[in-house]
Amino acid sequence: MEDLAYINNEFIPADQARVSINDRGYTFADGVYEVICTREGGRPFLMAEHFQRLERSAAGVDIPLPPSYENWPDIIAEGIKRAGFPETMIYIQLTRGVIPRHHSFPEPLEPQLLMTFRPRPQHDDSFYNQGRQAITVEEMRWNRCYLKTIALLPNILMKQKAHRQGCQEAFFISEKDEVHEACAANIFLVKDGVIITPELNNYILPGISRQYIIDRARETGMQIICRTCYLEEMLAADEVFITSTTVDAMPITRVDNRQIGSGTPGPITEKVRRLFPS
Ligand code: PDD
């Protein structure tokens with residue numbers, strides 16, 4: 001079994017797939033993306049929701065969806081089958097096309113689709129049992145973080161900054177000390193049994209996992225609210241966790257070297273994690 005790519009209408013081993021140096025994703029980070037994982041033995045999880053967000057992201061940066069768009073679920077199904085992993089992580093990237101570098105949009109515009117099929121990431125049990133550590137960093141991204149674009153330089157720089165300090169995550173915090181999100185995940189706090197997550201704004205990606213948790217938590221009678229959250233209350237929370245398609249709900253037990261709650265992953269984080277199918 002090897003990583004698989006789908007590009008220019010064909011499946012090809014990922015390490016043989018090539019994009020042009022003129023792909024605007026390469027020259028301008030001019031593109032949008034989605035990451036979808038399969039669960040329960042190869043079923044793409046919340047695929048319709050991921051497609052809805054992709055439509056919103058593409059429209060938000062004026063990239064038209066290509067005519068092949070309606071076949072993408074079939075391409076994904078075929079890719080999962082061909083790749084043959086127990087569970088697959090599907091990366092979908094749509095760029096504004098391949099054309100020599102020029103700032104204006106190409107005419108005619110032919111977006112370039114890339115998909116990759118890789119094993120769904122597995123995380124060490126110790127990450128969930130012991131929790132992870134985060135630093136806080138100033139919000140330095142553009143004010144359309146609700147669009148899932150491939151322009152992720154601040155995200156990767158801040159992730160690396162966290163690594164250099166022996167931590168795994170960086171949390172973007174506004175000038176007014178509002179908690180936004182992690183480099184590639186949404187943030188939740190727990191205080192006195194209530195789950196709180198920052199309400200959506202321009203600096204927060206509407207995470208598919210975030211919404212899934214909000215809906216399921218409400219159904220199962222957990223108390224959950226979306227509202228502005230501040231750094232101080234995060235530091236004083238009983239539990240902090242982050243959520244994404246690739247980590248489910250991951251406990252954060254230290255932020256800026258300050259212990260969160262008891263310093264060990266809390267029961268509500270674990271309960272939320274169990275809301276996700278295997
Ligand atoms: N990222 N916020 C940011 C900035 C993200 O990049 C992601 C996910 C999330 C969580 O979204 P979701 O629950 O829909 O996965 C929030 C993906 C996994 C990535 O870039 O690999």
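In listed order, ligands and their atoms are each counted from 1. These numbers come from the heavy atoms of this one structure, side chains and all, not from hydrogens, waters or symmetry mates. Each residue takes its place number in the sequence, starting with 1.
- Nearest to atom 2 (N) of ligand 1 among the protein's heavy atoms is Glu181 OE1, 2.7 Å.
- Nearest protein heavy-atom contact of atom 10 (C) of ligand 1 is Asn186 OD1, 3.6 Å.
- The protein heavy-atom contact nearest to atom 20 (O) of ligand 1 is Tyr33 OH, 2.6 Å.
- One finds no salt bridge joining Glu55 and Arg53 here, because no Lys/Arg side-chain nitrogen approaches an Asp/Glu carboxylate oxygen to under 4.0 Å.
- In terms of protein heavy atoms, atom 21 (O) of ligand 1 is closest to Val35 CG2, 3.6 Å.
- A donor and an acceptor atom, one from each side chain of Asp23 and Thr95, are located under 3.5 Å apart.
- Contacts between Ala185 and ligand 1 below 4.0 angstrom, taking non-hydrogen atoms only, involve the backbone exclusively.
- Of the N or O atoms in Thr245, one or more lie within a sub-3.5 Å distance of an N or O in ligand 1.
- Contact annotation for Ile208 and ligand 1: heavy atoms of both the backbone and the side chain come within less than 4.0 Å of the ligand.
- Residue pairs meeting the side-chain hydrogen bond (donor to acceptor under 3.5 Å, both in side chains) criterion with at least one member in residues 168-179, sequence neighbours excluded, are Lys159-Glu169, Ser174-Glu178.
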Please output the side-chain donor-acceptor pairs of residues 147-158 that fall under 3.5 Å, not counting sequence neighbours, one pair per line with the distance.
residue	atom	partner	partner atom	Å
Lys148	NZ	Tyr33	OH	3.1
Thr149	OG1	Ala151	N	3.2
Asn155	ND2	Cys183	O	2.8

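- Proximity of the aromatic rings of Phe45 and Tyr212 is defined here by a centroid distance below 6.0 angstrom, and this criterion is met.
- Taking any N or O of Thr246, backbone or side chain, none lies under 3.5 Å from an N or O belonging to ligand 1.
- Taking the centre of each ring, His180 and Tyr203 come in below the 6.0 Å mark.
- For atom 6 (O) of ligand 1, the nearest protein heavy atom (residue, atom name, distance) is Ala184 CA, 3.4 Å.
- Considering Thr38, Val35, Thr116 as possible partners of Ile90, the one that fulfils the side-chain contact (heavy atoms from CB on, under 4.5 Å) test is Thr38.
- Remark: ligand 1 atoms within the under-4.0 Å shell around heavy atoms of Gly207 are 11 (O), 12 (P), 13 (O), 14 (O).
- Here the closest heavy-atom approach between residue Leu109 and residue Pro64 is recorded as CD2-CD, 3.7 Å.
- Phe85 does not carry Arg118 over the face of its six-membered ring by the limits of under 6.0 Å from the centre and within 45° of the normal.
- At least one N or O atom of Lys148, backbone or side chain, sits closer than 3.5 Å to an N or O atom of ligand 1.
- For the pair Ser209 and ligand 1, the shortest N or O to N or O distance falls below 3.5 Å.
- Looking at Arg53 next to ligand 1, an N or O pair under 3.5 Å apart turns up.
- Nearest-heavy-atom check against atom 4 (C) of ligand 1 across Cys37, Pro154, Pro121, Cys183 picks out Cys183.
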